[in-house]
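Here is the naming used below: chain letters follow the sequence lines, and residue numbers restart at 1 for every chain.
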Amino acid sequence: MRLTRYFLPLLKENPAEAQIVSHRFMLRAGMIKQQAAGIYSWLPLGWRVLRRIEQIVHEEQQRAGHIPLLMPTLQPADLWRESGRYDDYGQEMLRIRDRQDREMLYGPTNEEMITDIFRAHVSSYKDLPLTLYHIQWKFRDEMRPRFGVMRGREFLMKDGYNFDIDRDAALHAYNRHMVSYLRTYERMGLTAIPMRAASGPIGGDNTHEFLVLAQTGESEVFYDDRVTQLKLGAREIDYDDRTQVAKVCEEFTTLYARTDETHDPALFEQVPEAHRRVGRGIEVGQIFYFGTKYSEPMGALVTNAEGQRVPVHMGSHGIGVSRLVGAIIEASHDEKGIVWPEGVTPFHAAIVNLRQGDAASDAACETIYAGLRARGLDPLYDDRDARAGEKFAAMDLIGLPWRITVGPRGLAAGKVELTSRRSGETEELSPEAAIDRLAQIYAGR
RNA sequence: CGGGGCGUAGCGCAGUCUGGUAGCGCAUCUGCUUUGGGAGCAGAGGGCCGGGAGUUCGAAUCUCUCCGCCCCGACCA
């Protein structure tokens, strides 16, 4: 993309309403525009990041064997009366009437609807296990939205629902989700720690939240700092292998890690003092096993091998897709702006032409631009007729992980510069070598 | 929902107390000069001062009333 043909409305000054880093940078980098309290337009740059996160979530869900579909944002109230949650949910649920005066709601979650789909079409244990998920906009009418997309009212969320014949099978689904989530967050460059959590309005007795450590987090967290060293890495996971999946979960959930809701000071005391940490975290996902809480009242029954009709065992699992955009920024930025991890960056690299209009500089930039695209990369070429400082500041703000700087000075020696946004380190290379290096960096991503 | 604050140009703000017909910086546009970390000079455009109703000869400014937004708290992915 050429910057002169793009839409990237940068702000030099901090908008007054933004209090935390991610909100400030998202506004300044032209990623979002607020349209009402807790409701945002996603401008092109923000939209790109959102899409990349969404894509990673899709890939990892499908790798785990989960099946995508799409349910609507608006739901009939009657469905929620069946589970009893129409009254339980309270003012946080946005209620709407259509022109026929039918009661509707803008979905805050989809347990009822997915159960309705399930009961209409599945009646035998032979169709299990089944996990369906979607990525859809949700609405929760928070009393006080804040922190930009971190706590908006409208938000994009992946929510998935597993259906299993019994508790053991459903607990495997729970574990499978935990592992797939760990891999999802790692691909985004995040360390998200699974912590034993309280269940809230979803219900259920088994639940973990995934927390990204950040000072601006909404939850106080207590943990053994050795959990932050755990990595899934490149290991092969067979998501159907109950033993292997359970082992991975054990590995990640044995060390002490809890939010204030479930914190147990006596247990925490047993963590060696040198490893004991208290901090704050941003919740970026949660998984639940809740058994037959919805299937029983809503009549989601299957016939088991013994010929009996039994309520299906369920769990649900969510990843806050739009919230992750903010969380990643909270976890990865400096005073100049955002520092995108390679996995979610809106563009793979910036090309900064220091002397727009200079024949040699223009030609070198065009070569690099075409070369990167030929390698399947998506560069942002700053082809504005602007000064060096302005271009550097803009690219630092929007946080692309790599920058190729092209100017007459370097070109006299046949070199351009490749700079890491994260470390600031610069390497002088020929244009061809710079293209190769970036292709290597992104190989397999 | 309790407490506090704010709404004036695209963004950040002054002007409001003490009424006299709107200003600064950045951004934008034009020209010239500059050109490796947010340039300089000269000029230009852009506002029903959140909406409505009052008071007044006269309202951004005073009064009433809506609306919107932000912060702290309680709540929440």
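Taking 3.5 Å as the limit, the base of G38(B) and the side chain of Arg28(A) contain a donor-acceptor pair of atoms between them.
Of the nucleotides present, C13(B) is the one that pairs with G23(B) by Watson-Crick or G-U wobble criteria, both distances under 3.5 Å. Base pairing annotation: C76(B) forms no Watson-Crick or G-U wobble pair, as no partner gives both donor-acceptor distances under 3.5 Å. Remark: U63(B) base-pairs with A53(B); criterion is Watson-Crick or G-U wobble with both hydrogen-bond distances under 3.5 Å. Across every strand in view, C41(B) sits in a pair with G31(B) that passes the Watson-Crick or G-U test at under 3.5 angstrom. G47(B): no Watson-Crick or G-U partner with both key distances under 3.5 Å is found in any strand.
Picking from C1(B), C76(B), G36(B) the nucleotide with the shortest atom distance to the side chain of Arg144(A) gives C1(B). When distances run from any side-chain atom of Ala37(A) to the nucleotides C69(B), C76(B), C71(B), the shortest one goes to C69(B). The side chain of Lys12(A) lies closest to A27(B), out of C70(B), A27(B), G36(B). Of the candidates C69(B), G37(B), C1(B), the closest approach to any side-chain atom of Gln34(A) belongs to C69(B). Among the nucleotides C71(B), C76(B), C69(B), the one closest to the side chain of Ala36(A) is C69(B).
Across the protein-nucleic acid pair, Gln356(A) atom CD and U34(B) atom P stand 19 Å apart, rounded to whole Å. Atom CE of Met143(A) and atom P of C70(B) are 16 Å apart (whole Å). Asp382(A) has its CG atom 15 Å from the P atom of G36(B), to the nearest Å. One atom, CE of Met157(A), and another, P of C76(B), lie 15 Å apart when rounded to the nearest Å. Protein atom CD of Gln286(A) is 12 Å distant from nucleotide atom P of C76(B), rounded to whole Å. Protein atom CE of Met150(A) is 13 Å distant from nucleotide atom P of C71(B), rounded to whole Å. Separating the NZ atom of Lys33(A) from the C1' atom of C69(B) is a distance of 12 Å, rounded to the nearest angstrom. Remark: P of G37(B) and CG of Asn353(A) are 15 Å apart, rounded to the nearest angstrom.
On the C1' atoms, C41(B) is 23 Å away from G36(B), given to the nearest whole Å. As rounded to the nearest Å, G43(B) and C26(B) have P atoms that lie 15 Å from one another. Straight-line distance between the C1' atoms of U55(B) and G47(B): roughly 25 Å, to the nearest whole Å. Taking the C1' atom of each, G15(B) and C24(B) are spaced 10 Å apart, rounded to whole Å. A gap of 23 Å separates the C1' atoms of G4(B) and A60(B), to the nearest Å. Taking atom C1' on both nucleotides, C69(B) is separated from G31(B) by 41 Å, rounded to a whole Å. Taking the P atom of each, U61(B) and G54(B) are spaced 15 Å apart, rounded to whole Å. Taking atom P in both G46(B) and G40(B), one finds a spacing of 25 Å when rounded to whole Å.
Of the residues in residues 387-408 of chain A, those placing a heavy atom less than 4.0 Å from an atom of RNA chain B are Arg387(A), Ala388(A), Gly389(A), Glu390(A), Phe392(A), Ala393(A), Asp396(A), Arg403(A), Thr405(A), Gly407(A), in numerical order.
Backbone-only contact: Gln19(A) has heavy atoms under 4.0 Å from sugar-phosphate atoms and none from a base. Within the nucleic acid shown, Gly285(A) has no heavy atom closer than 4.0 Å to any nucleic acid atom. Counting non-hydrogen atoms under 4.0 angstrom, Gly357(A) reaches nothing in the nucleic acid. Arg146(A) comes within contact range of at least one nucleobase, with a heavy-atom separation under 4.0 Å.
Taking the six-membered ring where the residue is Trp, Tyr106(A) and Phe139(A) present tilted rings, their angle falling between 30° and 60°.
A salt bridge links Asp378(A) with Arg48(A): the closest approach of a Lys/Arg side-chain nitrogen to an acidic carboxylate oxygen falls below 4.0 angstrom. Using a cut-off of 4.0 Å between Lys/Arg side-chain N and Asp/Glu carboxylate O, Glu103(A) and Arg81(A) are scored as salt-bridged. A salt bridge does not link Arg422(A) to Glu342(A): none of the charged nitrogens lies less than 4.0 Å from a carboxylate oxygen. The residues Asp88(A) and Arg85(A) are annotated as not salt-bridged, no charged nitrogen and carboxylate oxygen being separated by less than 4.0 angstrom.
A distance of 6.0 Å or more separates the ring centres of Phe155(A) and Trp137(A).
Within the 4.5 Å cutoff, the side chain of Arg375(A) has no heavy atoms near those of the Leu438(A) side chain.
For the pair Leu10(A) and Phe147(A), nearest-nucleotide mapping onto RNA chain B gives the more 5' position to Leu10(A). Each of Ala386(A) and Glu209(A) has a nearest nucleotide on RNA chain B; the 5'-most of these lies closest to Ala386(A).
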Measure all distances between protein nitrogen or oxygen atoms and nitrogen or oxygen atoms of nucleotides 10-16 of chain B, and list the pairs falling under 3.5 Å.
from   : atom 1 : to       : atom 2 : distance (Å)
C11(B) : O2     : Glu13(A) : OE1    : 3.2
G12(B) : OP1    : Ala16(A) : N      : 3.0

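Applying the salt bridge (charged side-chain N to carboxylate O under 4.0 Å, His left out) test to residues at least two apart or on different chains, none of the pairs has a partner in residues 354-363 of chain A.
Screening Tyr6(A), Tyr369(A), Trp340(A) for a ring pair (Phe, Tyr, Trp, His ring centres under 6.0 Å) involving Phe347(A) leaves a single residue, Tyr6(A). Of the listed residues (His177(A), His58(A), His66(A)), just one forms a ring pair (Phe, Tyr, Trp, His ring centres under 6.0 Å) with Tyr133(A), and that residue is His58(A).
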- request: I would like to know whether Arg437(A) and Glu427(A) meet salt bridge (charged side-chain N to carboxylate O under 4.0 Å, His left out); could you show each step before the answer?
  value: CA-CA 11 Å; Arg437(A) 177 64 52 83; Glu427(A) 209 180 334; 2.7 Å; yes
- request: Any chance you could lay out the salt bridge (charged side-chain N to carboxylate O under 4.0 Å, His left out) test for Asp334(A) and Arg421(A), step after step, and finish with the verdict?
  value: CA-CA 10 Å; Asp334(A) 62 20; Arg421(A) 175 69 180 84; 2.7 Å; yes
